[in-house]
Amino acid sequence: MTLAPGGRRTARQAAWRFLLIGATNTLATTALLVGLSYLMPGWLAYTVSFALGLAYSTIFAARWVFTSDGSARAASLYALCYLAIFLIGLVVIAGIHALSWPAYANALSVIVTAPLGFVAGRIVFTQRKEGRDD
């Protein structure tokens, strides 16, 4: 696989890798979210599954998707972006609850949060890589 100038992947290459990492992460955390939604309030189930998914995503996104070193600073910024994404997801969960939809509908939050995660990773880890090349 050929890397773009600066030793980073093209947006297309990163997108495919993000989809692979994201798919495994999404399947696992969505299953966890749905299962936990039957045992606890939706917001708590979402919080637990999101936290575990964030750890997985941070570990694999930096190096394998975006070819970044995954420094503590970049990982912290990525986690901060995910805090905003988390809050957006909570709004979706609240909307699902307000509509009295069944617990498995909480999985719809992924439709909103997954694309935001890719954009955040692309911005954070690309800037960090380019910043080192100066």
Side-chain angles (χ1 to χ4, degrees):
M1 174 179 294
T2 305
L3 298 178
R8 63 185 178 105
R9 287 183 175 67
T10 65
R12 174 181 254 170
Q13 293 166 333
W16 281 112
R17 285 177 173 247
F18 185 84
L19 284 174
L20 182 59
I21 291 299
T24 58
N25 188 10
T26 300
L27 287 173
T29 57
T30 301
L32 182 62
L33 169 61
V34 170
L36 291 176
S37 290
Y38 288 100
L39 303 173
M40 59 186 67
W43 67 268
L44 183 56
Y46 180 73
T47 301
V48 170
S49 59
F50 196 93
L52 292 173
L54 175 57
Y56 178 86
S57 179
T58 301
I59 291 167
F60 287 101
R63 170 87 65 210
W64 199 71
V65 176
F66 299 109
T67 66
S68 176
D69 64 357
S71 69
R73 182 175 176 199
S76 296
L77 184 55
Y78 188 62
L80 187 61
C81 290
Y82 258 88
L83 177 60
I85 295 167
F86 169 75
L87 295 173
I88 292 166
L90 277 181
V91 169
V92 173
I93 296 290
I96 290 168
H97 179 72
L99 293 170
S100 299
W101 288 2
Y104 64 82
N106 287 338
L108 294 173
S109 62
V110 173
I111 294 170
V112 176
T113 58
L116 294 174
F118 175 77
V119 171
R122 184 77 177 163
I123 291 169
V124 168
F125 294 122
T126 298
Q127 288 179 346
R128 290 291 299 149
K129 186 74 170 181
E130 288 172 353
R132 275 199 321 264
D133 291 339
D134 292 336

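The figures here come from the full heavy-atom set of this structure, side chains too, leaving out hydrogens, waters and symmetry mates.
Side-chain contact between N106 and V34: absent, with no pair of heavy atoms (C-beta onward) separated by less than 4.5 Å. Looking at heavy atoms from C-beta onward, V119 lies out of side-chain contact with C81 at the 4.5 angstrom threshold. Side-chain atoms of L116 and I88, non-hydrogen and from C-beta on, do get closer than 4.5 Å to each other. Contact check for T29 versus Y56: no side-chain heavy atoms found under the 4.5 Å cut-off.
L39 and L52 fall within a single hydrophobic cluster, where Ile, Leu, Val, Met, Phe, Trp and Tyr side chains are chained together by heavy-atom contacts under 4.5 Å. Note on L80: it clusters hydrophobically with L54, by side-chain heavy-atom contacts below 4.5 Å among ILVMFWY residues. I111 and I93 fall within a single hydrophobic cluster, where Ile, Leu, Val, Met, Phe, Trp and Tyr are joined by side-chain heavy atoms under 4.5 Å apart, directly or via other members. Transitive grouping of hydrophobic side chains (ILVMFWY, heavy atoms separated by less than 4.5 Å) brings V112 and I85 into a common cluster. L87 and V48 fall within the same hydrophobic cluster, defined by Ile, Leu, Val, Met, Phe, Trp and Tyr side-chain heavy atoms under 4.5 Å apart, directly or through other members.
Taking each heavy atom of S109 and V92 in turn, the nearest pair found is CA-CG1, 3.7 Å. Closest approach of S37 and A103 over heavy atoms only: CB-CB, 3.8 Å. Heavy atoms only, all atoms of each residue included: L108 and W101 are closest at CD1-CZ3, 3.6 Å. A pairwise comparison of heavy atoms in I96 and A105 identifies CD1-O, 3.1 Å as the closest pair.
Between the CG atom in N25 and the CG atom in L20 there is a gap of 11.0 Å [rounded to 0.5 Å]. Interatomic distance, L90 CG to T47 OG1, rounded to the nearest 0.5 Å: 5.5 Å. For the atom pair L27 CG and L32 CG, the distance stands at 12.5 Å (nearest 0.5 Å). The line from OG of S49 to CG of L33 is 4.5 Å long, rounded to the nearest 0.5 Å.
In this structure, F86 has its ring center under 6.0 Å from that of Y46.
Surrounding OH of Y38 are more than 12 heavy atoms belonging to other residues, nucleotides or ligands, all under 6.0 Å away.
Taking the six-membered ring where tryptophan is involved, the planes of Y82 and F50 are tilted, since the angle between them lies from 30° to 60°.
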